[in-house]
Participant: 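Please see the structure below; I have some questions.
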Amino acid sequence: MKDVRMSNSTIRQQARDARPMLLSSLGQIWCLRLIALGLVLCSACFAWRSYLDMGLFMNLGTDYALYLSQSSVIDTGHPERLYDLAATDKPYRALLERYNLDPAYRTWVADTVVGPVPYPPLFAWMMRPFTWITPPVSFAIWIVLNVGVAGVLSWRLTQHCGDLDRPSVVLCFFASYPVVLTLYVGQVQLLLAWCVAECYLAFRNGKEFRAGIWLGCLLIKPQYGIFLGVLLLWKQRWAAIGGAAVAGGVWFGGSWLVAGTQAIVAYPSAFGGMAQFRGDDPTLMINWRSIILEVYPTIYGPSGTKLAMALFGLTGCALAWMWRGSWNPTSADFPVKILVTFLGTLIASFHSHPYGAVIIALPFVAVLLGQYGGKVAWVLGCTAAVTPAFTFSLGYSGLISYGDVYQHLAISSKILKVVIFAMFGYYFVQVCGVSCFRALQPMAVREFFGRGAFTRVCQRVDLRWASIRRGYFTAPRWPG
């Protein structure tokens, strides 16, 4: 009995010792939940203030206004003019005149021109029911639908978040800057993020035809699927290619049925306005084009386009190097390769706004929980999600104006851009490892330094690389 009593007292003592640790862990979880919830509420309050101070469709719901303007052209009986800016400019201006409250609009109304909506004609036809009700109500319905899509996507994240706290994952997802910006401007990006998540999961489960169908849904914005599509062709994944072809047939076959041949023929012209190097305010983007303008603001337009295309090609070559070898969706490095592929897509695309980063949500969560997760990965992820959202939603004094929102948007986008490029470089080097370093060394360098010295250098780099992949730095010693 004495042994039993001693054993029970030991258990009680261990429980008392473990209780502060448990409370500390619970405290950290609830602290994270409260921070994420606070950021969600701050974003919602900022959106409400924007509505009260500026109205609709100048900043809040600006992309949704473009969707409505294009969709209203179908009701005129001339669907072939879907991509004619002269036809969509009139309903766009009418929305601004009726629902915009920002006085800045009056001062530069002559420069306000509707932007292009380079989506297949079927999308404009699907938006028609939203034109049958008043724009503020239709925008509210659109936001509710997008919040529902975000809820589905966050539920998919919680199914694959491992031991992470699920409420924290959901709240952090809703509080992240790409999600906040998507809802704020009324974009369709959350649907594309859902398609990317389902495509990734289908590949991991060996269902390539289904993955191809989900990938084909990205044809609404084909720039987000270009690298992965080329990769599937290179790896001869014919089932996935067939699925993408089926989805593409639905998009363009449906477009032909609802809008006719002339609208299909006019569809490529929608990309013409986006092909201008300084078009659509590239300084707010997160791609090479914005980096070029940051470094060389006075660059000539055609020269900037050529340089951006050259960097696009270099990014594609880097991804091809990373994907060398056999195609194996069940391998441990498949999630990080998919993540790097979509990160490369974001930075190489000629048209890549900050809300596009939401497409990496599920691949990034999968990487965090795998062998490539570490302190650096967590810091990058938290910085990309939280810091720009705080910058965008907070710090306004008095009435919110178009200029105020633009300044906050520019700062937030620059923060996200830096993190996106850092994530791409970090994970690319993690995947490729020292093999890139070794493969790029010419034989003359090896002979000059000597084979033994070169081997010792590589071994030292290997040791340092192993410490980086564990998420922290150690002090490696010279081998031998």
Participant: Are S154 and V169 packed together at the side-chain level, in the sense that at least one heavy-atom pair is separated by less than 4.5 angstrom?
Facilitator: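 In short, these two side chains do not touch, never coming nearer than 4.5 Å.
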Participant: If the condition is side chain to side chain donor-acceptor pair (under 3.5 Å), which residues does H408 pass it with, not counting sequence neighbours?
Facilitator: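 For H408, no residue satisfies side chain to side chain donor-acceptor pair (under 3.5 Å) once neighbours in sequence are set aside.
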Participant: Compare every heavy atom of L346 with every heavy atom of A357, then report the nearest pair and how far apart it is.
Facilitator: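 Where A357 meets L346 most closely, the heavy atoms are CA-CD1, 3.8 Å.
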Participant: Check step by step if side-chain contact (heavy atoms from CB on, under 4.5 Å) holds for F130 and L145.
Facilitator: CA-CA 12 Å; F130 292 93; L145 292 176; 3.8 Å; yes
Participant: So do F390 and L39 actually touch side chain to side chain, heavy atoms under 4.5 Å?
Facilitator: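 A side-chain contact exists here, since the closest heavy-atom pair is under 4.5 Å.
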Participant: Quick check: does any side chain N or O of S331 sit under 3.5 Å from a backbone N or O of N328, one acting as donor and the other as acceptor?
Facilitator: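 Pair found, side chain donor or acceptor close to backbone of N328.
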Participant: Are R210 and E198 within salt-bridge range, i.e. N to O under 4.0 Å?
Facilitator: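 E198 and R210: not salt-bridged.
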Participant: Is there a side-chain contact between I360 and L343, using heavy atoms and a 4.5 Å cut-off?
Facilitator: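 Yes, at least one pair of side-chain atoms sits under 4.5 Å.
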Participant: Can any side-chain N or O of N287 pair as donor or acceptor with the backbone N or O of S290 at less than 3.5 Å?
Facilitator: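 Checking the backbone N and O of S290 against the side chain of N287, a donor-acceptor pair under 3.5 Å is found.
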Participant: Is the distance between the ring centroids of W214 and F203 less than 6.0 Å?
Facilitator: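 No, ring centres 6.0 Å or more apart.
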Participant: How would you list, by chain and number, every residue that makes a salt bridge (charged side-chain N to carboxylate O under 4.0 Å, His left out) with K414, sequence neighbours excluded?
Facilitator: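 Partners of K414 by the salt bridge (charged side-chain N to carboxylate O under 4.0 Å, His left out) criterion, ordered by chain and then number, come out as E294.
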Participant: Run the ring-centre check on F312 versus F350 and record whether the distance is less than 6.0 Å.
Facilitator: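 Not under 6.0 Å, so no.
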Participant: Could you measure the distance from the OG1 atom of T341 to the OH atom of Y427? Nearest 0.5 Å is fine.
Facilitator: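 The distance works out to 14.0 Å.
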Participant: Please list, chain by chain and in numerical order, all residues satisfying salt bridge (charged side-chain N to carboxylate O under 4.0 Å, His left out) with R128, sequence neighbours excluded.
Facilitator: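 Here the qualifying residues are D75.
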Participant: Taking the side chain as everything from C-beta on, heavy atoms only, tell me whether L228 gets closer than 4.5 Å to T345.
Facilitator: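 A side-chain contact under 4.5 Å is absent here.
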Participant: For S412 and P388, indicate whether the former's side chain and the latter's backbone hold a donor-acceptor pair under 3.5 Å.
Facilitator: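 Yes, S412 side chain to P388 backbone: donor-acceptor pair under 3.5 Å.
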Participant: Taking atom CH2 as the centre, does W142 end up with more than 12 heavy-atom neighbours from other residues, nucleotides or ligands that are less than 6.0 angstrom away?
Facilitator: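 For W142, atom CH2 is crowded (more than 12 foreign heavy atoms under 6.0 Å).
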Participant: Go through the steps to decide whether T62 and M58 satisfy the test side-chain contact (heavy atoms from CB on, under 4.5 Å), and finish with yes or no.
Facilitator: CA-CA 5 Å; T62 178; M58 190 70 179; over 6 Å; no
Participant: Measuring from atom CG of L362 to atom CZ of F342, what distance do you get when rounded to the nearest 0.5 angstrom?
Facilitator: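 It comes to 10.5 Å.
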Participant: What pair of heavy atoms forms the shortest contact from A175 to V180, and how long is it?
Facilitator: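 Taking A175 first and V180 second, the nearest heavy atoms are O-CG2, 3.8 Å.
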Participant: What pairs meet the side-chain hydrogen bond (donor to acceptor under 3.5 Å, both in side chains) rule with one or both residues in residues 221-245, with sequence neighbours excluded?
Facilitator: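 Of all non-adjacent pairs touching residues 221-245, those that pass side-chain hydrogen bond (donor to acceptor under 3.5 Å, both in side chains) are Y119-K221, Q187-K221, Q189-K221, E208-R237.
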Participant: Between atom SG of C199 and atom NZ of K207, what is the distance when rounded to the nearest 0.5 Å?
Facilitator: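 With rounding to 0.5 Å, SG (C199) is 13.5 Å from NZ (K207).
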Participant: Tell me yes or no: between the side chains of Y406 and D281, is some donor less than 3.5 Å from an acceptor?
Facilitator: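 Yes - a donor-acceptor pair under 3.5 Å links their side chains.
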Participant: Under the salt bridge (Lys or Arg N to Asp or Glu O under 4.0 Å) definition, can you give me all pairs with a residue in residues 165-181, not counting sequence neighbours?
Facilitator: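 Those involving residues 165-181 are R33-D165.
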Participant: Should the ring pair H351 and H353 be called parallel, tilted or perpendicular, given that the plane angle runs from 0 to 90° and is split at 30 and 60?
Facilitator: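 It falls in the perpendicular class, over 60°.
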Participant: Is there a side-chain contact (heavy atoms from CB on, under 4.5 Å) between T315 and F424 once you walk through the steps?
Facilitator: CA-CA 10 Å; T315 305; F424 177 78; 4.1 Å; yes
Participant: Quick one: CG on L181 to OH on Y355, what's the gap to the nearest 0.5 Å?
Facilitator: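 Here the rounded value is 7.5 Å.
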Participant: Please confirm whether the backbone N or O of L68 pairs with a side-chain atom of S71, one donor and one acceptor, at under 3.5 Å?
Facilitator: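 No: the side chain of S71 does not pair with the backbone of L68.
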Participant: Enter the distance from L307:CG to I292:CD1 here, rounded to the nearest 0.5 Å.
Facilitator: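 Result: 3.5 Å between the selected atoms.
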Participant: Report yes or no: do S352 and W288 form a side-chain donor-acceptor pair below 3.5 Å?
Facilitator: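 W288 and S352 do not have a side-chain donor-acceptor pair below 3.5 Å.
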Participant: Going by salt bridge (charged side-chain N to carboxylate O under 4.0 Å, His left out), name the residues that satisfy it together with K337, two or more places apart in sequence or in a different chain.
Facilitator: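 Per chain and number, K337 pairs via salt bridge (charged side-chain N to carboxylate O under 4.0 Å, His left out) with D333.
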Participant: Check whether any side-chain heavy atom of F173 lies under 4.5 Å from a side-chain heavy atom of V358, and answer yes or no.
Facilitator: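 Side chain of F173 against side chain of V358, heavy atoms only: contact under 4.5 Å found.
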Participant: Quick check: closest heavy atoms across P120 and Y267, and the distance to 0.1 Å?
Facilitator: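 The pair with the smallest heavy-atom distance is N-CE1, 3.6 Å.
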Participant: Any chance you could measure D53, atom CG, to L60, atom CG, to the nearest 0.5 Å?
Facilitator: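 Answer for the CG-CG pair, D53 versus L60, is 11.0 Å.
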Participant: Looking at every heavy atom in both P354 and I286, which two are closest together, and how far apart are they?
Facilitator: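 Of all heavy-atom pairs spanning P354 and I286, the closest is CA-CD1, 4.0 Å.
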Participant: Would you confirm whether S413, through its side chain, and A410, through its main-chain N or O, come within 3.5 Å as a donor-acceptor pair?
Facilitator: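 Checking the backbone N and O of A410 against the side chain of S413, no donor-acceptor pair under 3.5 Å is found.
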Participant: Out of Y67, Y64, Y51, which residue meets the ring-ring contact (aromatic ring centres under 6.0 Å, His included) rule with F139?
Facilitator: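 Considering Y67, Y64, Y51, a ring-ring contact (aromatic ring centres under 6.0 Å, His included) with F139 is found only for Y64.
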Participant: Which heavy atom in C161 sits nearest to a heavy atom in V365, and how many Å separate them?
Facilitator: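 Between these two residues, the closest heavy atoms are CA-CG1, 4.2 Å.
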Participant: Determine whether I29 and S168 satisfy the following criterion, side-chain contact (heavy atoms from CB on, under 4.5 Å), listing intermediate values before the conclusion.
Facilitator: CA-CA 7 Å; I29 290 175; S168 299; 4.3 Å; yes
Participant: Hey, is CH2 on W251 packed in by over 12 heavy atoms from elsewhere, all under 6.0 Å?
Facilitator: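 Yes.
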Participant: For I400, is there any backbone N or O sitting under 3.5 Å from a side-chain donor or acceptor partner on D404?
Facilitator: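 No.
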Participant: Checking S43 against Y184: is there a side-chain donor and acceptor pair closer than 3.5 Å?
Facilitator: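 The answer is no; no qualifying pair exists.
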Participant: Of the non-hydrogen atoms in V137 and I133, which two are nearest, and what is the gap between them?
Facilitator: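 So the two residues come closest at CG1-CD1, 4.3 Å.
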Participant: Quick one: does any side-chain atom of S255 pair with a main-chain N or O of L122 as donor and acceptor, under 3.5 Å?
Facilitator: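 Looks like yes, one N/O pair under 3.5 Å.
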